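Here's the structure, in structure tokens; my notes come after.
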Number of protein chains: 2
Amino acid sequence: MRCLAKRLLSFTRLVQGVNVSAVTSPLVWEHVQPAAARRLLTGAVDAFAERGYQATTTRDIASRAGMSPAALYVHYPSKERLLFEISLYGHNAALEVLRSADAGSTPADRLRSLVAAFTAWHAEHHTIARVVQYELVALTPEHLAEVAVIRRAISTQIEQVLADGVRDGSFAVADLPGTTLAVLSLSIDVARWYTPHRGDPAALGKLYADLAHRMVQT
Amino acid sequence: MRCLAKRLLSFTRLVQGVNVSAVTSPLVWEHVQPAAARRLLTGAVDAFAERGYQATTTRDIASRAGMSPAALYVHYPSKERLLFEISLYGHNAALEVLRSADAGSTPADRLRSLVAAFTAWHAEHHTIARVVQYELVALTPEHLAEVAVIRRAISTQIEQVLADGVRDGSFAVADLPGTTLAVLSLSIDVARWYTPHRGDPAALGKLYADLAHRMVQT
DNA sequence: GTCTATAGGCCGATAGAC
DNA sequence: GTCTATCGGCCTATAGAC
């Protein structure tokens, strides 16, 4: 457990840095060291996404990592802490994907870019995304409060672009908070139903960018 | 347990009948008899919606119904059967809400009516809806197959209206299955975030009907 | 149809050897 | 840092009295 603080620091640096490809590549958990801790963490992501946090046993996670049940506690102090690390990293990754995608000369371009990226991330990383979006209740109140800060930043990122579009007349939005939530919903719900055989994440992102833009354009 | 088949029959008749107000009123479970079985079922809905199926204990359900843990098994043979009855009833209710709402002279009117009703149902009945949409994995394969039939009917109901609008030129849809899923997503995701203090279900339905219509109109 | 009592098993987490 | 062994507790479900 001595290496926990170090791991949290390193992944925060990575996610908030410029190298976005790192969080969308298959090597998402490269920063988790040592390798045994990483095997436990990726096993937990898969198990939590498949069956949910409560239905997953520490024995299941350990066996996916090729270890005995007791070995888990050398790397993580509890099952909840494993969930928290996944949730915190996942939220930071999602926020960073949005921040990197917020580029374009018009609100319409920016919105399309945001929705395409956010949707594609939820498809590409649907296992992590499922944990991020559907296992919040299993976090301790303290850990939930920590990820809630990131969730508000994610919401603000979308709301800001919509507000900018309303201001310059390119968007017509009757209910700004409600429409923000609807745009977010569209992407987030992808984590519920997406499986790799249901199409290319990038193509899905493009479709959803178009649908979201049509929801608000004048 | 002798009364189980009778209960299933009676609620199917109710849900597929004409009295839609019955499934949107607070007395949704009136058909579940005797009262002790109904108390267990509504307690289970609340508990499953709050904490999830796996995190809910039979002791918790029984105590919400004011009974000892053992009394539950007089009315339901297992915890999963309780989930199945809730899920089956909820799916039938949602489908019936859609079928009753599919009225209007144009595809645009029909789509707006469908989305408004489906969205309002997910808000008004967000506890049942949460169980319906997020606890599918906890069902046995046989029970899952049974609700999957109803889920396909729900999806078809939306897809048909979109197809009708494309045919008569009132809608422009690049990807029919993808757009169908997006429209459904918008309403379904309401179950994830809705709480009563977040606004009136009917007003939310109206907003979402507008957003969905704009997604597809020419 | 409700209760008390409990079977039988699995869970999260720990102890201590190597 | 990994193992085997195990603790103490809680779980679903059942037995049997009333």
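A, B, ... follow the sequence lines: proteins, then strands. Residue 1 opens every chain. Computed from a prediction, not measured in an experiment: that's the story for all the values here.
Residue A70(B) has its side chain nearest to dT14(D) when only dC3(D), dA13(C), dT14(D) are considered. Checked against dT14(D), dC11(C), dA5(D), the side chain of T57(A) finds its nearest nucleotide in dC11(C). Side-chain proximity of V74(A) to the nucleotides dT2(C), dG1(D), dG12(C) is greatest for dG1(D). Checked against dA13(D), dG1(D), dT2(C), the side chain of K79(B) finds its nearest nucleotide in dA13(D). Set against dT2(D), dA13(D), dC3(C), the side chain of A36(A) has dT2(D) as its closest nucleotide. Closest to the T58(A) side chain, of the nucleotides dT4(C), dG12(C), dC3(D), is dG12(C).
Under 4.0 Å is where a charged nitrogen must lie from a carboxylate oxygen, and between D210(B) and K206(B) no such pair does.
A donor atom on one side chain and an acceptor atom on the other are not found under 3.5 Å apart for S155(A) and E159(A).
The nearest whole Å value for the distance from the OH atom in Y76(A) to the C1' atom in dA13(C) is 17 Å. In this structure, the CZ atom of R59(A) is 13 Å from the P atom of dC7(D), given to the nearest Å. Rounded to whole Å, atom P of dC11(D) lies 11 Å from atom CD of Q54(A). Atom NE2 of H75(B) is separated from atom C1' of dG1(C) by 6 Å (rounded to the nearest Å). Atom C1' of nucleotide dC3(D) and atom CG of L40(A) are separated by 14 Å, given to the nearest angstrom. Remark: P of dT4(C) and CE of M67(B) are 14 Å apart, rounded to the nearest angstrom. Residue Y73(A) contributes atom OH, which lies 7 Å from atom P of dT14(C) at whole-angstrom precision. Look at CG on L72(A): it is 15 Å from P on dT4(D), rounded to the nearest Å.
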Inset, instruction - List the steps and the verdict of side chain to side chain contact (heavy atoms under 4.5 Å, CB included) for F118(A) and I158(A). - result: CA-CA 10 Å; F118(A) 200 53; I158(A) 299 287; 5.5 Å; no
Legend entry - Audit row: L88(A), I150(A), side chain to side chain contact (heavy atoms under 4.5 Å, CB included) steps and yes/no: CA-CA 9 Å; L88(A) 183 59; I150(A) 309 169; 3.5 Å; yes
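Taking the six-membered ring where the residue is Trp, Y89(A) and W29(A) present tilted rings, their angle falling between 30° and 60°.
Residue A71(A) is in sugar-phosphate contact alone, with no base atom involved, counting any heavy-atom pair closer than 4.0 Å across all strands shown. Base contact: S68(A) has a heavy atom under 4.0 Å from a base atom.
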